[in-house]
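In this text the structure is predicted, and so the values were computed from the model without any measurement. For the numbers below, each heavy atom of this structure counts, side chains included, while hydrogens, waters and symmetry mates do not.
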Amino acid sequence: MLFFFKRLAAYLRRQMGWLLLILLAIALQTGFRLVMPLAFRAIFDVAVVNGDYAFLFEVIAAVSVYWLVQAFASLGQDAAAARAGLHVINQLRERMYDLVVNLSPAKLQKLRGGDLPARFSSDLLIIEQAVVQHMHVVMFSTLNLVLSIVFLFYLDWRLAALTFTGMIGGLLLPKLFTKRAYAANYSRKSQEGKLLDDIQEQVHAGEVIQAFNLNPLMRDRFVREVQQLDQDAMAAYRADALVGRSGAQSAGLLQVGIMLVSGYYVIQGSLTIGTMVAFSAMVQNLVAAISHLSGAAPHVVKATSSLKRIDELLDHGDERPDETRFAVMPRPKQALRVTELSFAYPNARPSLHEVGFTAAMGTRVALVGPSGCGKSTLLKLLMGFEEPLRGSIALDDCDSARYSKQAWREHLSLVPQEPFVFNMSVRENIRLGRLDADDDAVEAAAHAAGIHTVIAALPEGYETMVGDGGSQLSGGQKQRIALARAVLRQPAVLVLDEGTSALDPATERRVMAELEAAVADSLLVTVTHRLQTVVAYEQILVMCDGAVVESGRHEQLLAAEGLYRNLWDKQQGFAISEDGRSAEITARRLAQIDLFQDVEGDAVARLCGLFESHFLSEKQLVFAKGDPGVSFYIIADGAVEVQPYAVGETRFKRLLLETGDFFGELALLDDRPRSATVKTRIPTLLLALSRENFAVMLDVAPRLKQRIERAARGRRDAS
């Protein structure tokens, strides 16, 4: 319990007024409890013995007035305790919120998804109940107990010595079980968080669980977690009972002993009846104090466990808090400079290795490269979501390490790959980019993002509510609202992380032209899988394995015949329609796929005509593991995730395939079930070749089947 009160002292100091009111009320109530036994002695030893009615009424009147005063004081105490307790909880809640919303993604991932809400809900509720309902009980009972002992010695030192000895035993007995109760309650809260985390994970993985028929496996795991929680909860209840009951029962036994000894002294003549009655009442007061302490102790022990869990959350805070950095940063006018930047996630190999480049304001920079090369990690460091291990990021002469994250981000704006819109109106969603922007500025930003006409056609125009998570909008509309929000900010640096991936090629070209005009004085940094959109950029950085391996303009990089040339060639040979819903592949491009390299020219041309276009929105299932294999796919535009499942595990390895890649070649040979699940990561245009259409080619290209069998066998072994 000492930890609990010591930990809350910093918060309670801010509520000193309420705390003093509580202490005054406790003092008045304690005084009443102590006056009552003395009043009993006066009545029995003076009023009763002498038959003095006047003295009796005087004592009763004085006690009644005192009772009325302390009664009102107790009501004030309850209100003050509630107000002080809620202030404390609000301070904790605000600290936790500030930490979570500013926590880096890597640190946030360390917190189990279901356990985090539990700390905001049940843990804070337990602490609130302890502060509001039990803290003043502990304070009152402790003061009552101490003063009762003093008055017991005043009444009769012999009985007081006996009482004190028994009380020490009554206080030490619960202490023997306190450590066990604390550990049991902490274990229970942790298990509750783990159970919530598992439930949350299974909700998010619902499609995968059903696709792989994992329901029995997941239910067994859930039942085991519930059984463990049941065991932990029962252990906590038993420990709490030992803490609560041991003190109260020992106090009851003490009363029996006092009754026996005091009765003996009265019969012997060394103790008056009034003193015996007063002493018994004082002991009753003492027993009540011990009983109240014993009753409050389990709640404080639970609150201590919850407070420790909240401390663990607060310990995840930034090692370099914003308070140590400059709070205001001048708007940059020259360039972004990244110098020897290195970064690694905890317990992982380096994600970035000595990355460096300079980009002037008013220019456009593209980050390109294969999946997992470090592009998104570099953007996280640029936005201040992570801290570099080495190196620096600076705008003009302003190093990001010297400024608070808020000051740094005042000059940046981000459009993430999966834009988030809040459940508010379209206008307010855009206005989040700059809260003081007027309606004209909001609409101008919408024009720049190519979304104004769409918004105007909505039922209530800019006042249309977008629904929870933007449920009333398409993926492309949400992305353009995010673009408008970013433009409204008028940042020095605009960062696009696949910020137009949900748009069809024609819309993307139009939106990007308007967007670049709206932020012409800003530096535009974009990550994109569509190389065609960055051919006019002043600087293209090609990344591989966490390093910049090539840089320059489009023409320079093509001439270098390096990684960029390979990426570029992989995306060529597709004729995509303006709406991005259909495509054709050229014979030359199809012949570059190793499966078809030995096929004669006429056969390749004939194969091209057999492909059918399939457009899928983001996060849409292409096929699930166990589905019958019916088609082979080439990605004409977009990206998909391949999710093999390892037996006995609940995590999924993900392989990202992008424009120009292919998958599902086993389906060209037989109807064997799919060996993996494939879902789109962004809106994706696929070219599909069905097994029936492919079968007609085997007669004219007999070597094709053997080649596909070898390639398919290699792909299956790798997965």
| task | State, with a plain yes or no, whether a side-chain heavy atom of Thr363 is found less than 4.5 Å away from one of Leu523. | result | yes
| Val368 and Trp568: CA distance, side-chain angles, deciding distance, side-chain contact (heavy atoms from CB on, under 4.5 Å) verdict | CA-CA 10 Å; Val368 302; Trp568 175 263; over 6 Å; no
| Test item: Thr677 side-chain N/O and Lys625 main-chain N/O as donor-acceptor pair under 3.5 Å | yes
| query | Do Ile430 and Ile455 come close enough that some side-chain heavy atom pair is under 4.5 Å? | reply | yes
| Nearest 0.5 Å, what's the CG-CG distance between Asp545 and Leu352? | 11.5 Å
| field | Ion pair Arg589/Asp569, N-O distance below 4.0 Å | value | no
| query | About how many Å separate CG of Leu531 and OG1 of Thr659, when rounded to the nearest 0.5 Å? | reply | 8.5 Å
| Counting heavy atoms not belonging to Tyr97, are there more than 12 under 6.0 Å from its OH? | no
| field | Heavy-atom side-chain proximity of Leu379 to Leu367 below 4.5 angstrom | value | yes
| remark: Between the CG atom in Leu686 and the CZ atom in Phe615, the distance rounded to the nearest 0.5 Å is 10.0 Å
| task | Please tell me if the side chains of Gln572 and Gln532 come closer than 4.5 Å, counting only heavy atoms from C-beta onward. | result | yes
| query | Where is the tightest heavy-atom contact between Pro388 and Leu381, given as atom of each residue plus distance? | reply | CB-CD2, 3.7 Å
| task | Begin with the C-alpha distance, continue with both residues' side-chain angles, and end with the deciding distance and a verdict on side-chain contact (heavy atoms from CB on, under 4.5 Å) for Val640 and Arg681. | result | CA-CA 5 Å; Val640 301; Arg681 184 176 182 182; over 6 Å; no
| task | Decide yes or no for Ile393 and Trp408: does some side-chain heavy atom of the first lie under 4.5 Å from some side-chain heavy atom of the second? | result | yes
| query | Between Phe385 and Leu414, is any pair of side-chain heavy atoms under 4.5 Å apart? | reply | yes
| query | Looking only at heavy atoms, which two atoms of Gly461 and Thr464 are closest? And how far apart? | reply | O-OG1, 2.9 Å
| task | Locate the shortest heavy-atom distance separating Ala441 from Ala437; write the atom from each residue and the value. | result | CB-CB, 4.1 Å
| said: Taking Phe422's backbone N and O only, do any of them form a donor-acceptor pair with Asn429's side chain (distance below 3.5 Å, no angle check)? | reply: yes
| request: Mark yes when over 12 heavy atoms from residues, nucleotides or ligands other than Arg588 sit less than 6.0 Å from its CZ; otherwise mark no. | output: no
| task | Assess whether atom CG of Asp661 is packed by more than 12 heavy atoms of other residues, nucleotides or ligands within 6.0 Å. | result | yes
| query | Which heavy atom in Val355 sits nearest to a heavy atom in Ala547, and how many Å separate them? | reply | CG2-CA, 4.3 Å
| Does atom NE2 of His353 have more than 12 heavy-atom neighbours, drawn from other residues, nucleotides or ligands, at distances under 6.0 Å? | no
| N/O donor-acceptor pair under 3.5 Å between Arg409 side chain and Met383 backbone | yes
| query | Of the non-hydrogen atoms in Glu641 and Leu656, which two are nearest, and what is the gap between them? | reply | CG-CD1, 4.0 Å
| request: On the 0 to 90° scale, with breaks at 30° and 60°, tag the His554-Tyr564 ring pair as parallel, tilted or perpendicular. | output: perpendicular
| Do the side chain of Gln643 and the main chain of Lys679 share a donor and acceptor less than 3.5 angstrom apart? | no
| Any donor and acceptor pair, going by atom type alone, linking the side chain of Glu550 with main-chain N or O of Leu563 inside 3.5 Å? | yes
| query | Got Cys398 and Pro332 here, is their nearest side-chain heavy-atom distance under 4.5 Å? | reply | no
| query | If only atom types and distance count, is the side chain of Thr684 paired as donor or acceptor with the main-chain N or O of Leu616 below 3.5 Å? | reply | no
| note | With sequence neighbours left out, the residues meeting side chain to side chain donor-acceptor pair (under 3.5 Å) with Ser617 are Gln620
| Taking only residues two or more places apart in sequence or in another chain, which ones pass side-chain contact (heavy atoms from CB on, under 4.5 Å) with Ala518? | Ala448, Val487
| message | So that I can tick it off, tell me whether Asp497 and Lys375 are bridged by a salt bridge, with the cut-off set at under 4.0 angstrom between side-chain N and carboxylate O. | response | no
| request: Drop me the distance from Glu463's CD to Arg427's CZ, to the nearest 0.5 angstrom. | output: 4.5 Å
| query | For Met543 and Thr377, what are the C-alpha separation, side-chain angles and deciding distance, and is it a side-chain contact (heavy atoms from CB on, under 4.5 Å)? | reply | CA-CA 11 Å; Met543 299 187 66; Thr377 300; over 6 Å; no
| So, the side chain of Glu428 versus the backbone of Ser425: is there a donor-acceptor pair under 3.5 Å, distance only? | no
| request: Would you check if the side chain of Arg434 reaches a backbone N or O of Gln490 as a donor-acceptor pair within less than 3.5 Å? | output: no
| said: Taking side chain to side chain donor-acceptor pair (under 3.5 Å) as the definition, give me every residue that meets it alongside Tyr537, ordered by chain and number, with sequence neighbours left out. | reply: none
| task | Starting from the C-alpha separation in whole Å, work towards a yes-or-no answer on side-chain contact (heavy atoms from CB on, under 4.5 Å) for Leu458 and Gln472. | result | CA-CA 10 Å; Leu458 293 174; Gln472 303 302 313; over 6 Å; no
| Are there more than 12 heavy atoms of other residues, nucleotides or ligands under 6.0 Å from atom CG of Asp439? | yes
| said: Quick check for you: to the nearest 0.5 Å, what is the distance between Leu494 atom CG and Leu515 atom CG? | reply: 5.5 Å
| note | Looking only at heavy atoms, the pair that brings Gly369 and Leu567 closest together is CA-CD1, 3.8 Å
| query | If you count the non-hydrogen atoms of other residues, nucleotides and ligands that lie under 6.0 Å from CD in Glu584, is the total more than 12? | reply | no
| field | Side chain proximity check, Gln479 to Gln417, heavy atoms < 4.5 angstrom | value | no
| field | Residue pairs passing the side chain to side chain donor-acceptor pair (under 3.5 Å) test where at least one lies in residues 507-516, sequence neighbours excluded | value | Arg364-Glu516, Thr500-Glu508, Asp504-Thr507, Glu508-Arg530, Arg509-Glu578
Please list every donor-acceptor pair under 3.5 Å in which a side-chain atom of residues 333-342 meets a protein atom from a residue at least two apart or in another chain.
unit_1, atom_1, unit_2, atom_2, d
Arg337, NH1, Asp396, O, 3.3
Ser342, OG, Glu354, N, 3.0

| Over 12 foreign heavy atoms within 6.0 Å of CG, Asp521 | no
| note | Rounding to 0.5 Å, atoms CG (Leu483) and CG (Leu496) come to a distance of 6.5 Å
| note | Hits for ring-ring contact (aromatic ring centres under 6.0 Å, His included) against His614, two or more places apart or cross-chain, chain-then-number order -> none
